[in-house]
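Note on naming: letters A, B, ... go to the chains in the order of the sequence lines (proteins, then strands), and numbering restarts at 1 for each one. Not measured: the values here are computed from a predicted model.
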2 protein chains.
Amino acid sequence: MSKLTETLNNFLDLDEKSLQAFLENGHILKISKSKKLIEEGEVSEFLFFIQKGSVRSYYFRDDKDITISFSLEGEFITSMSSFITQTPSYENIEAMEDCEMWCISHKSLMDLFEEYHDLERAYRLLLEQYYIRLEEHLIFSKFKNARERYEELIQYKPEIIQKASVGQIASFLDMSIETLSRIRASL
Amino acid sequence: MSKLTETLNNFLDLDEKSLQAFLENGHILKISKSKKLIEEGEVSEFLFFIQKGSVRSYYFRDDKDITISFSLEGEFITSMSSFITQTPSYENIEAMEDCEMWCISHKSLMDLFEEYHDLERAYRLLLEQYYIRLEEHLIFSKFKNARERYEELIQYKPEIIQKASVGQIASFLDMSIETLSRIRASL
DNA sequence: TTGATTTTTTGATATTTATCAAATGACAAT
DNA sequence: ATTGTCATTTGATAAATATCAAAAAATCAA
């Protein structure tokens, strides 16, 4: 069983036919390191599933590159607000290493939802999980200091420490490069 | 047309029968100022819609009361993570003034989803909107200083300034009471 | 390998905001 | 009006983190 069907089945036992239709409507996309999956200003047409590799989502603020999130193998990723509203994205998503993605277009997904109720439900459940995760991230990082935020990342996604640069990690953790460097030196 | 059906129709033109079933499965709840809608530790059984009034969601951290969100008339509210997972809530939700809520239980909602596909879709669309809002809140408050966060609140939900105490607003904006007081004095 | 370029670390200082303490103000009960 | 309580403001100081500058280390191209 592929990582994708495995992940989907974590949410819901999909009907054989729905799953089949879902898989048939998507396709594989290989993308090499540093290439962009989504670029600021364009509409996020696809929902991606990371079968292999990792990606980083970021935007520019005063010409500085600010990381919003890191995503790893087995996760869905897209510029959510753009994908949902089908309006231009304010974020970029790039491959942090050579990746193999599975992806499905917004249109295909919406069409599938018309026909397969359980797919829409799986998507709804996925959204719920992502919502909770975002809320927890927001609340629990609120009262953590720089060091605790770094320690949280180590707990939560240790792989990132190897895969991302200090600058990318620092902007994600909302601290300066220098502060992060000092925290690392003191551990 | 009630505020609730109006709000629902913003997302989707619901089938007459679905809407009827939805409304019939909920009920009205009047709750007076300072009373709790949801208490920490209990499972959030209901999804509420604020027909009249306003509520505040908060939790305790080191015995300090920390505001997570303020919600106004026309908004849905519950302890999302608790409602979704049906596990104990870490947050409290209290009425900031005498309120009239409409509410529907988790069980009723799930049962309705089995029968009325378009209700599940409306809920999915609602979730999407809330997800985007949370994401924007997270990203755009990240690089704002204390004063800008206060100004953002004034823009975004000016009513709150009247309805909430300085302490509640300060914890929501993630600053001390004193800092908020000084910001106000300097405007 | 070497030199150039970029990234990371280290040090000194500045800024923002928190904390603590005291003063003031608002309101309720007497 | 007076007292007590609680919320808010003001002032002084401390702590956390950013910023700026320079040194050291890593990476890369020729």
Among D/dT9, C/dT17, D/dT17, the nucleotide that comes nearest once only the side chain of B/Ser181 is considered: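 Taking heavy atoms from C-beta onward, the closest nucleotide is D/dT9.
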Within residues 166-173 of chain B, find the residues that approach DNA chain D with a heavy atom at under 4.0 Å, and present them sorted by residue number.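 Heavy-atom contacts with DNA chain D come from B/Val166, B/Gly167.
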Describe, in one word, how the ring planes of B/Tyr131 and A/Tyr131 are oriented to each other, choosing from parallel (under 30°), tilted (30 to 60°) and perpendicular (over 60°).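 Rings of B/Tyr131 and A/Tyr131: tilted, 30 to 60°.
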Measure [atom1]/[X] against [atom2]/[N] and give the value in whole Å, please.
{"X": "B/Met175", "N": "D/dT8", "atom1": "CE", "atom2": "P", "result": "15 Å"}
{"X": "A/Lys144", "N": "D/dT17", "atom1": "NZ", "atom2": "C1'", "result": "18 Å"}
{"X": "B/Tyr150", "N": "D/dT8", "atom1": "OH", "atom2": "C1'", "result": "13 Å"}
{"X": "B/Arg147", "N": "C/dA18", "atom1": "CZ", "atom2": "C1'", "result": "18 Å"}
{"X": "B/Ile183", "N": "D/dT8", "atom1": "CD1", "atom2": "C1'", "result": "15 Å"}
{"X": "A/Glu148", "N": "D/dT17", "atom1": "CD", "atom2": "C1'", "result": "14 Å"}
{"X": "B/Arg184", "N": "D/dT9", "atom1": "CZ", "atom2": "P", "result": "6 Å"}
{"X": "B/Leu180", "N": "C/dT17", "atom1": "CG", "atom2": "P", "result": "12 Å"}

With 3.5 Å as the limit, what N/O pairs link the protein to nucleotides 19-22 of chain C?
residue: C/dT19; atom: O4; partner: B/Arg182; partner atom: NH2; Å: 3.1
residue: C/dC20; atom: N4; partner: B/Glu178; partner atom: OE2; Å: 2.9

Over the length of the helix from C/dT1-D/dA30 to C/dT30-D/dA1, how much do the five-pair end axes diverge, rounded to 10 degrees?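 For the helix from C/dT1-D/dA30 to C/dT30-D/dA1, the axes at either end differ by 40°.
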Holding to side-chain contact (heavy atoms from CB on, under 4.5 Å), I want the full list of residues that pass it with B/Gln86, two or more places apart in sequence or in another chain.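 Partners of B/Gln86 under the side-chain contact (heavy atoms from CB on, under 4.5 Å) test: B/Val43, B/Phe83, B/His106.
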Please list, chain by chain and in numerical order, all residues satisfying side chain to side chain donor-acceptor pair (under 3.5 Å) with B/Ser44, sequence neighbours excluded.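 Partners of B/Ser44 by the side chain to side chain donor-acceptor pair (under 3.5 Å) criterion, ordered by chain and then number, come out as B/Thr78.
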Whether the A/Ser79 and A/Ser89 side chains hold a donor-acceptor pair (N or O, under 3.5 Å, no angle test) is what I'd like checked.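 Distance-only check passes for A/Ser79 and A/Ser89.
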Filter on salt bridge (Lys or Arg N to Asp or Glu O under 4.0 Å), then keep only pairs touching [range], sequence neighbours left out; what's left?
{"range": "residues 124-137 of chain A", "result": "A/Glu75-A/Arg133, A/Arg124-A/Glu128, A/Arg124-B/Glu120"}
{"range": "residues 11-21 of chain A", "result": "none"}
{"range": "residues 92-106 of chain A", "result": "A/Lys30-A/Glu100, A/Arg56-A/Glu94, A/Glu97-A/Lys163"}

Identify every side-chain donor-acceptor pair in residues 169-176 of chain A under 3.5 Å, counting partners at least two apart or on other chains, and give the distances.
residue: A/Ser171; atom: OG; partner: A/Thr67; partner atom: N; Å: 2.8
residue: A/Ser171; atom: OG; partner: A/Thr67; partner atom: OG1; Å: 3.4
residue: A/Ser171; atom: OG; partner: A/Gln168; partner atom: O; Å: 3.2
residue: A/Ser176; atom: OG; partner: A/Thr179; partner atom: N; Å: 3.2
residue: A/Ser176; atom: OG; partner: A/Thr179; partner atom: OG1; Å: 3.0

Apart from B/Leu37 itself, residues in the same hydrophobic cluster as defined by side-chain heavy atoms under 4.5 Å: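 B/Leu29, B/Ile31, B/Ile38, B/Phe46, B/Phe48, B/Ile50, B/Val55, B/Ile77, B/Ile93, B/Met101, listed by chain and number.
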Salt bridge (Lys or Arg N to Asp or Glu O under 4.0 Å) with B/Lys52: which residues, sequence neighbours excluded?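 B/Lys52 satisfies salt bridge (Lys or Arg N to Asp or Glu O under 4.0 Å) with no other residue.
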With sequence neighbours excluded, tell me which residues meet salt bridge (Lys or Arg N to Asp or Glu O under 4.0 Å) with B/Glu40.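 B/Glu40 satisfies salt bridge (Lys or Arg N to Asp or Glu O under 4.0 Å) with no residue once adjacent residues are dropped.
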